[in-house]
Amino acid sequence: MRAIDARVLLTGASGGIGRAGAQALTKAGAAVMLTGRSAEALAALADEIRDTRPRTDVQWHDADLTRSADIAALSAAAQAWNVNVLVNNAGQPSFGPFSEFEPAHVEQVLRTNLLAPILLTHAMLPWLARRPAANVIQVGSVLGRLALPGFSVYSAGKFGLRGFSEALRRELAGSGVRVQYLGPRSTRTRFNDAAVLAYNEATGTAMDEPARVAAALVELLESDAAERFLGFPESLAARVNGLAPTLVDGGLRRHRAALAGPRTEATRVDPAPATSESSIESSAHRTPPSRR
Ligand SMILES: NC(=O)c1ccc[n+]([C@@H]2O[C@H](COP(=O)([O-])OP(=O)(O)OC[C@H]3O[C@@H](n4cnc5c(N)ncnc54)[C@H](OP(=O)(O)O)[C@@H]3O)[C@@H](O)[C@H]2O)c1
């Protein structure tokens with residue numbers, strides 16, 4: 001779909017990638033309905049967009065996507081506004097040793113990152129299916145294809161979201177609804193706290209600016225692609241992981257060490273003995289798989 005024909009409901013609009021996404025979409029000619037939990041932040045962003053592009057149709061509607069009543073109200077508001085694109089971008093971070101997570105944290109992350117986008121898609125699909133053309137874009141992650149130590153619950157959500165998207169894409173093939181999955185790598189937003197930044201530094205993980213992810217979002221919307229992953233080494237590592245996941249296991253020693261103590265073990269350069277696993281380890285050191 002051309003951005004100029006898109007009327008986009010964008011979740012997570014008040015976050016780093018969401019704000020950049022709203023700016024990039026409206027710059028490309030799309031109308032946007034912004035959503036997040038903070039009415040204040042959404043109103044401020046809507047004003048900012050209107051100031052820059054006075055002719056843009058920009059609306060906002062606050063909603064907590066972990067509440068089913070909010071999902072129903074948001075879906076109704078978006079339909080009344082004549083939406084034809086849903087971008088499920090809202091998300092919650094989760095990083096650390098699995099054994100240290102509280103059950104309530106696990107539940108909240110999966111509710112926000114997996115259940116909410118599935119239920120919002122479910123609420124909106126009958127409407128979207130009646131549009132001449134419509135898109136559902138899931139903002140997943142490279143970690144939805146390549147799981148790293150420290151991201152057990154996060155990857156469970158993002159792998160799940162990718163599985164949901166793949167099945168729905170195949171189910172809706174030939175209909176007017178296109179289902180697409182965007183997999184950013186680590187991106188500079190408030191999503192990544194100091195512990196993640198230390199892990200990134202210790203593992204040599206590259207980070208993108210939100211504007212890069214936003215540009216990829218617009219490109220994906222305007223393309224026929226089913227999936228788009230950002231970052232060459234990350235996409236390659238994700239592909240290798242799909243074919244031979246146990247080969248990748250051997251290349252993640254540094255990531256395990258970084259999880260245990262980022263400034264000690266992880267910063268040490270591992271010798272790379274000449275085994276097939278160690279060649280992945282050493283190539284992982286040169287072009288480390290990234291995350292998110
Ligand atoms: N940053 C990265 O490294 C990275 C990498 C790959 C993929 N991603 C994915 O990209 C997406 C956006 O991430 P970001 O970096 O922009 O994060 P962010 O800056 O923390 O923004 C998160 C957004 O999600 C919204 N949100 C969270 N919980 C919600 C809930 N229960 N109901 C409604 N909205 C909720 C937040 O709204 P409030 O303002 O109301 O809190 C905010 O707008 C996420 O899905 C994330 O998994 C991020």
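Order of appearance sets the numbers: ligands from 1, and atoms from 1 within every ligand. By convention here, the first residue in the shown sequence is residue 1.
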Just verifying a value: how many Å separate Arg50 CZ and Arg55 CZ, rounded to the nearest 0.5 Å?
16.0 Å
Pair Thr205, Thr203 - check side chain to side chain donor-acceptor pair (under 3.5 Å), show working.
CA-CA 5 Å; Thr205 298; Thr203 55; 2.7 Å; yes
Looking at Asp64, which atoms of ligand 1 are within less than 4.0 Å of one of its heavy atoms?
30 (C), 31 (N), 32 (N)
Atoms in ligand 1 flagged as close to Tyr154, the criterion being non-hydrogen separation under 4.0 Å:
7 (C), 8 (N), 9 (C), 46 (C), 47 (O)
How long is the straight-line distance from OG1 of Thr66 back to CZ of Arg37, given to the nearest 0.5 Å?
7.5 Å
Counting heavy atoms under 4.0 Å, the part of Thr112 that contacts ligand 1 is side chain
Proximal ligand 1 atoms for Arg185, defined as those under 4.0 Å from one of its heavy atoms
5 (C), 6 (C)
Counting N and O atoms only, with roles assigned by atom type, does the side chain of Thr26 sit under 3.5 Å from a partner on the main chain of Ala24, one being a donor and the other an acceptor?
no
Per-atom contacts, ligand 1 versus Asn192 - under 4.0 Å to a heavy atom
1 (N), 2 (C), 3 (O)
For atom 24 (O) of ligand 1, which of the options Ser38, Gly91, Ala20 provides the nearest non-hydrogen atom?
Gly91
Counting from 1 in the order shown, the ligand 1 atoms closer than 4.0 Å to a non-hydrogen atom of Thr66 are 31 (N)
Examine the proximity of ligand 1 to Met207 and report which part, side chain or backbone, both or neither, has a heavy atom under 4.0 Å away.
neither
Strictly distance-based, threshold 3.5 Å: is any side-chain N or O of Thr56 a donor or acceptor partner for the main-chain N or O of Val58?
no
Go through the steps for Gln108 and Glu102 under the test side-chain contact (heavy atoms from CB on, under 4.5 Å), then give the verdict.
CA-CA 10 Å; Gln108 179 73 12; Glu102 294 294 336; over 6 Å; no
Quick one: does Lys158 get a heavy atom under 4.0 Å from ligand 1?
yes
Counting only heavy atoms closer than 4.0 Å, does ligand 1 sit against the backbone of Pro93, its side chain, both, or neither?
neither
If you measure from CG on Leu65 to CG on Leu74, what distance do you get to the nearest 0.5 Å?
6.5 Å
Say whether Gly36, considering both its backbone and side-chain N or O atoms, lies within less than 3.5 Å of an N or O atom on ligand 1.
no
Atoms of ligand 1, numbered as shown, that sit under 4.0 Å from any heavy atom of Gly15
16 (O), 18 (P), 19 (O), 21 (O), 42 (C), 43 (O)
Looking at Gly12, which atoms of ligand 1 are within less than 4.0 Å of one of its heavy atoms?
23 (C), 24 (O), 25 (C), 42 (C), 43 (O)
Check whether Gln79 reaches the backbone of Met124 with its side chain - one donor and one acceptor, N or O, closer than 3.5 Å.
no
Side chain, backbone, both or neither: Val213 near ligand 1, heavy atoms under 4.0 Å
neither
Closest candidate by heavy atom, reference atom 39 (O) of ligand 1, pool Ala90, Gly16, Ala13, Ser14
Ser14
Does Asp193 reach the main-chain N or O of Ala195 with its side chain, forming a donor-acceptor pair under 3.5 Å?
yes
I want to confirm something. Looking only at heavy atoms, which of Leu65, Val142, Val87 is nearest to atom 32 (N) of ligand 1?
Leu65
Polar contact flag for Gln92 and ligand 1 (N/O pairs, less than 3.5 Å)
no
Which ligand 1 atoms does Ala63 reach within 4.0 Å, using its non-hydrogen atoms?
32 (N), 33 (C)
Judged by atom type as modelled, is there a donor-acceptor pair below 3.5 Å linking the side chain of Asp62 to the main-chain atoms of Gly36?
no
Relative to each other, are the rings of Phe101 and His105 parallel, tilted or perpendicular (30° and 60° limits)?
tilted
For ligand 1, indicate whether the residue Thr189 contacts it via side chain, backbone, both or neither (heavy-atom separation under 4.0 Å).
side chain
To the nearest 0.5 angstrom, please state how far the OG atom of Ser75 sits from the CG atom of Leu119.
11.0 Å
